[in-house]
Each structure stands twice: as structure tokens, then as C-alpha cells.
Number of protein chains: 2
Amino acid sequence: MDDINGPQSDYGRGNGKFLPLVPAQAPLRADAQRNRRKILDAATDLLADKGVDGLTMDELARRAGVGKGTLYRNFTDKPGIASALLDDRVRDMHSRMLQGPPPLGPGAPGGERLTAFVDAYLRHIAGNLDLVLLTESSSPKGRFDRQSYPFWRRHVEILIAEMWTATAPEASDANPSDPVRTRAEAVMAVLSAAQLDQWLNRQGRTLEELIPQIQTIVSAIAAA
Amino acid sequence: MDDINGPQSDYGRGNGKFLPLVPAQAPLRADAQRNRRKILDAATDLLADKGVDGLTMDELARRAGVGKGTLYRNFTDKPGIASALLDDRVRDMHSRMLQGPPPLGPGAPGGERLTAFVDAYLRHIAGNLDLVLLTESSSPKGRFDRQSYPFWRRHVEILIAEMWTATAPEASDANPSDPVRTRAEAVMAVLSAAQLDQWLNRQGRTLEELIPQIQTIVSAIAAA
DNA sequence: TTCCGATCCGGACTATAGTCCGTATATGGA
DNA sequence: TCCATATACGGACTATAGTCCGGATCGGAA
């Protein structure tokens with residue numbers, strides 16, 4: 001999620017349902033809210049029409065009936081728009097992770113939850129590869145700057161910590177040099193969209209064949 | 001290496017010293033050869049002068065005293081130039097891997113060679129982060145398209161295969177769905193420049209603190 | 001030495017992301 | 001209702017990567 005104070009997004013608003021990654025923000029003015037909606041809708045259409053390559057900022061502004069300045073007022077950049085679109089598609093998975101039934105949700109042992117997460121995450125990425133790649137493009141940091149990244153990583157971190165200690169997960173907080181955190185980041189690197197794209201679209205492998213192999217690798221990292 | 005039939009580069013020329021990734025190519029015309037040199041030299045200067053951000057194609061063409069068409073005749077794109085520059089800096093490491101003393105070179109067990117490789121590779125990436133990031137930027141595929149990627153991956157693949165079978169390494173050739181290959185690719189994902197940049201420059205960690213943790217993770221993946 | 005085709009060169013041109021800022025509009029208080 | 005001001009809007013503008021093609025140049029053959 002890269003959009004600025006978007007009221008349509010529950011993610012990161014600190015309402016308790018999601019990780020409070022971002023402080024609440026003043027509500028948008030009514031016209032801004034309308035425009036934001038128009039842009040997102042136009043982006044969805046344009047994407048359906050012409051695919052990711054056809055999604056240019058000029059065309060998007062034209063279709064949404066707004067100026068480019070408005071685009072950039074509502075979204076930091078092009079990947080930011082992709083992020084906002086993805087947000088919608090991901091919210092459901094977030095809540096299943098945080099409050100759904102096990103093994104994806106709480107209630108199962110860390111190892112099983114991790115396996116369930118890897119499965120769900122890979123399918124999510126694979127199902128939205130174009131958008132995710134767009135999100136991760138633009139600068140090396142791409143992948144890490146989107147707000148969803150910290151969410152995923154933190155989830156993995158907590159699960160690994162649980163596997164290690166079998167106690168309360170909050171132990172692994174805060175400290176970036178924590179080996180648990182490093183492992184979580186390594187897991188996320190293996191699950192990166194660029195890597196998945198390589199496997200799926202360049203090597204022609206299938207998700208079904210890939211997932212078990214990746215599961216094995218991820219488990220090994222977690223247990224390392 | 002992304003440059004077209006570059007006579008200054010031994011890498012990938014199929015001369016037996018390096019993996020024959022690319023067939024030999026007709027030699028460049030004398031003027032083209034001169035221009036290629038001028039461009040590479042100018043790029044080095046420009047990089048020293050203004051850093052990666054100052055390295056624009058127009059300015060590079062101006063400094064090299066050639067037109068932009070010449071730039072793009074000699075190098076596929078901007079990352080390609082970065083690749084060519086990196087090539088020079090990496091050739092030494094390649095030969096140490098292939099014919100230097102153990103544990104980096106042949107003669108040590110696969111596990112030890114892998115550890116030595118991870119150490120050398122991370123230091124290489126860290127020492128050239130700007131260039132490598134430039135190389136990997138531009139499109140998701142970035143990281144995989146440069147010719148050095150197959151080289152590294154293959155090396156890791158061979159070492160892992162050796163760890164597994166303790167026999168001749170050529171078993172793992174060719175087949176992209178080979179689990180050994182998947183593991184090698186996972187290792188490379190963890191060692192990606194974007195990830196290292198995240199750790200080093202965004203989280204402020206140090207190489208010395210990071211390397212042992214990564215070693216552990218890589219070993220776990222290899223043994224998975 | 002001269003000639004000819006293959007190869008290469010230069011720089012104007014296109015496409016696109018992202019910036020800037022003068023103008024317009026919304027919103028809350030008097 | 002009207003005003004003041006913070007906020008938002010639009011679209012021209014800048015910066016940059018990469019394309020295109022007419023003309024120049026190379027280098028081997030006669």
C-alpha cells in the first residue's frame with residue numbers, strides 16, 4: 001500500500017484488526033475522495049483493457065478525467081497505484097492470517113502455519129504477478145517499501161520465533177539484527193515475485209510442482 | 001555481462017577457462033572497438049565523478065564523444081553497461097572459483113566451497129552494490145538476464161549436488177525442475193543485491209555480522 | 001589503388017515517469 | 001450566507017531511456 005491516507009483502505013490504519021503500520025490520517029476532502037475512487041476504478045479498467053504495459057500515467061489520468069497532478073497527489077508513484085489495487089485483493093488474506101481458522105490463522109503450531117502461509121502467499125503472488133512485479137519494480141527498494149512487505153515479514157518472523165521457542169511470539173520484536181528476523185527476510189527473498197516469475201514464466205514450471213520444493217526450503221530456513 | 005560481442009571480455013567466450021555461456025562472435029570493426037573502449041572508459045570516469053545517479057546515457061555519450069546510437073549498438077541498455085563494468089571486476093573471482101586454491105577453488109568438499117563462495121560473493125556484491133543494483137534494476141528479470149547470474153547459480157548448483165551425492169557433479173545439469181537447481185536458485189535469491197542493500201543500507205547492519213547468519217541459512221537450504 | 005557492400009555512427013525523435021505552480025474549490029467559522 | 005484559508009486540481013514542463021534511419025566509414029576483393 002503506497003497510497004496516501006486512503007480512507008478506502010483498512011490496512012494499516014491501526015484499528016486493531018491489522019498491524020498498525022501507519023498512524024491514522026486526516027480524512028480526504030470530498031473531491032479528493034471522489035478522484036481517488038475514479039483513479040482506482042480507471043486503473044482497474046485500463047488494466048483489464050490493455051494489461052500492465054498499457055497502464056501509463058497519462059492514459060490513466062485521461063481515463064479517470066483528472067490531471068496528472070491529481071494522480072501524484074493521491075499516489076506516490078506508479079508502483080503505488082499497483083499497491084493500492086493489490087491492497088483490495090489482499091485484505092481478505094490478511095484477515096484470514098490474523099483471525100481465520102488454522103492452519104493459516106492462529107491455533108496451529110508455527111511450523112504448520114508457516115507452511116499454510118507459504119502456500120497462500122505463493123498463490124496470491126502468482127495470481128497477481130503483473131501487479132506485484134509492477135509494485136516491486138522501480139528501484140531496488142521496491143519490494144521493501146510497500147507496506148505489505150513488513151506485514152508479511154513480521155508474520156513469518158513471529159511464526160519462526162514460535163517454532164524456536166514454543167513460547168510467546170513477541171520475543172522477536174524490534175531488533176533488526178535478530179537472527180529470527182534475518183531468517184524471515186531470507187524466506188521472503190525466496191518468495192519474491194521476481195523469483196517466482198523466473199520459475200513460472202521463464203522456466204515454465206508450475207506452481208504445483210514448485211510449492212512442495214519451496215516448502216522444504218522454507219522449512220529448512222526456519223529451522224536453521 | 002550484457003555487452004555485445006565484446007572482445008575485451010574473456011568471460012563467456014567459450015575458451016575453456018570460463019563456462020561457455022555464449023558462442024564466439026565475429027570481431028568488431030576497428031572503429032567500433034575504439035568506441036567501445038571510449039564508452040567504457042567514459043563510464044568509469046563518469047561513475048567516479050558523479051556516482052550512479054549521474055550516469056545518464058546522454059551525458060555518457062557526450063563524454064565518450066559518440067552518439068547515443070553508438071551506445072546502444074555496443075550495449076543493450078543501461079544495465080548492460082553496468083554489467084560490462086562489473087565484468088572486469090569479477091573476472092578474477094571467477095577464475096579463483098574455477099581454478100584457484102581451495103576452499104573457493106576446487107579441492108575442498110562442497111560444503112566448504114559453498115561457504116567460501118558465499119563469503120566471496122557477498123563481499124563482491126557489497127563492494128559494488130551501486131553497479132549491481134543498476135544491473136538488476138530495469139524489469140523484474142534484471143537479475144536473471146545478466147550472464148553472470150547463470151554462472152553463479154550453476155556454481156552453487158554444482159556444489160550442492162556434490163554435497164548431496166558426494167559423486168561427480170554433472171548429475172544436476174540441464175533439468176530446470178531439478179530440486180538441486182531450485183535450491184541453488186533459492187540461495188541466489190537470499191544473496192540478491194536488493195536484499196543485501198536492504199540489510200546493509202536500510203537496516204544498517206554490517207557485513208561481518210550478517211555473513212555468519214547468511215552462511216547458516218545457505219547451509220540449511222543446501223542441506224534441505 | 002579503387003570500389004562496393006556490410007557495418008557502424010550520430011543525433012533528432014518518441015515514449016513515459018514524475019515535478020511544479022498558478023488557479024479553483026471545498027469547508028468551517030463569523 | 002459569506003469569507004478566509006487550507007487543500008486539491010490540471011496540465012504544461014523537465015528529465016531520461018531507448019528507437020530510428022540517412023549518411024559516413026571500414027576493409028576485403030579485384
Side-chain angles (χ1 to χ4, degrees), chain A residues 2-7 25-40 42-43 46-47 50-83 133-139 141-142 145, chain B residues 2-7 25-40 42-43 46-47 50-83 133-139 141-142 145:
Chain A
D2 200 78
D3 46 310
I4 299 166
N5 53 33
Q25 210 99 26
L28 290 178
R29 234 170 64 174
D31 51 349
Q33 216 160 122
R34 263 196 311 279
N35 278 329
R36 190 193 151 79
R37 196 59 273 150
K38 283 196 290 183
I39 291 169
L40 250 16
L46 190 48
L47 219 44
K50 306 195 179 179
V52 168
D53 287 341
L55 183 64
T56 69
M57 296 306 259
D58 285 291
E59 174 74 359
L60 177 54
R62 209 185 52 68
R63 285 221 193 184
V66 303
K68 284 187 75 175
T70 306
L71 246 50
Y72 283 95
R73 158 163 295 276
N74 280 281
F75 304 92
T76 56
D77 54 12
K78 191 173 170 176
I81 290 176
S83 264
L133 286 174
L134 186 53
T135 272
E136 296 191 356
S137 78
S138 101
S139 85
K141 47 190 195 70
D145 273 7
Chain B
D2 201 76
D3 46 309
I4 300 167
N5 53 32
Q25 210 99 26
L28 290 179
R29 235 169 64 175
D31 51 349
Q33 216 161 123
R34 264 195 311 277
N35 278 328
R36 188 192 152 80
R37 198 55 276 149
K38 283 197 289 182
I39 291 169
L40 250 16
L46 189 48
L47 220 45
K50 305 196 178 177
V52 169
D53 287 340
L55 183 64
T56 70
M57 296 307 257
D58 286 291
E59 172 74 358
L60 177 55
R62 209 185 52 66
R63 284 221 193 184
V66 303
K68 283 187 78 175
T70 306
L71 246 50
Y72 283 94
R73 159 163 294 278
N74 281 279
F75 305 93
T76 57
D77 55 11
K78 192 173 169 174
I81 291 176
S83 264
L133 287 174
L134 187 52
T135 272
E136 297 190 356
S137 78
S138 100
S139 87
K141 47 190 194 72
D145 273 8

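Throughout, a chain's letter reflects where its sequence line sits, starting with A, and its residues are numbered from 1. Computation of the quantities below employed the complete heavy-atom set of this structure, encompassing side-chain atoms and omitting hydrogens, waters and symmetry-equivalent molecules.
- Looking only at side-chain heavy atoms (C-beta outward), A:Arg63 and A:Glu59 come within less than 4.5 Å of each other.
- For the pair B:Phe75 CZ and C:dC9 C1', the computed distance is 15 Å after rounding to whole Å.
- With D:dC9, C:dG18, C:dC8 as the choices, the nucleotide that has an atom nearest any side-chain atom of A:Asn74 turns out to be D:dC9.
- Contact annotation: B:Thr70 does not reach the phosphate of C:dC8 (side-chain N/O to OP1 or OP2, under 4.0 Å).
- Following rounding to the nearest Å, B:Leu60 (CG) and C:dC9 (C1') show an atom-to-atom distance of 15 Å.
- Backbone-only contact: A:Lys78 has heavy atoms under 4.0 Å from sugar-phosphate atoms and none from a base.
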Worked check of side chain to side chain contact (heavy atoms under 4.5 Å, CB included) between B:Lys50 and B:Thr56: CA-CA 10 Å; B:Lys50 305 196 178 177; B:Thr56 70; over 6 Å; no
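- For the OP1/OP2 pair of D:dA8 and a distance below 4.0 Å, the side-chain nitrogens and oxygens of A:Asn35 include no atom meeting the criterion.
- Straight-line distance from the CD1 atom of A:Ile81 to the P atom of C:dG18: 9 Å, rounded to whole Å.
- Taking atom CZ on B:Arg36 and atom P on C:dC9, their separation rounds to 12 Å, with Å as the unit.
- Distance B:Lys68 NZ to C:dT14 P: 13 Å, rounded to the nearest Å.
- Straight-line distance from the NZ atom of B:Lys38 to the P atom of C:dC8: 15 Å, rounded to whole Å.
- Proximity of B:Leu60 to B:Lys78: side-chain heavy atoms (C-beta onward) are nowhere separated by under 4.5 Å.
- Rounding to the nearest 0.5 angstrom, the gap separating the CD1 atom in B:Ile81 from the OG1 atom in B:Thr135 is 10.5 Å.
- Within residues 50-59 of chain B, no residue approaches DNA chain C, by heavy-atom distance under 4.0 Å.
- C:dT19 atom P lies 13 Å from atom CZ of A:Arg73, rounded to whole Å.
- Helical stems involving DNA chain D, defined as 3 or more consecutive Watson-Crick or G-U pairs under 3.5 Å, span C:1-30 with D:1-30.
- Annotation: the span from A:Leu46 atom CG to A:Ile39 atom CD1 amounts to 12.5 Å, rounded to 0.5 Å.
- Per the geometry, OH belonging to B:Tyr72 stands 23 Å off P belonging to C:dT7, to the nearest Å.
- Taking CG from A:Asn35 and CG from A:Asn74, the interatomic distance works out to 7.0 Å, rounded to the nearest 0.5 Å.
- The two residues A:Asp77 and A:Tyr72 come nearest to each other via the heavy atoms CA-CE2, 3.9 Å.
- Side-chain contact between B:Leu134 and B:Leu55 is present, with heavy atoms from C-beta onward closer than 4.5 Å.
- Summarising the geometry of B:Lys38 relative to B:Ala64, their closest heavy-atom pair is CD-O, 3.7 Å, with the distance given to 0.1 Å.
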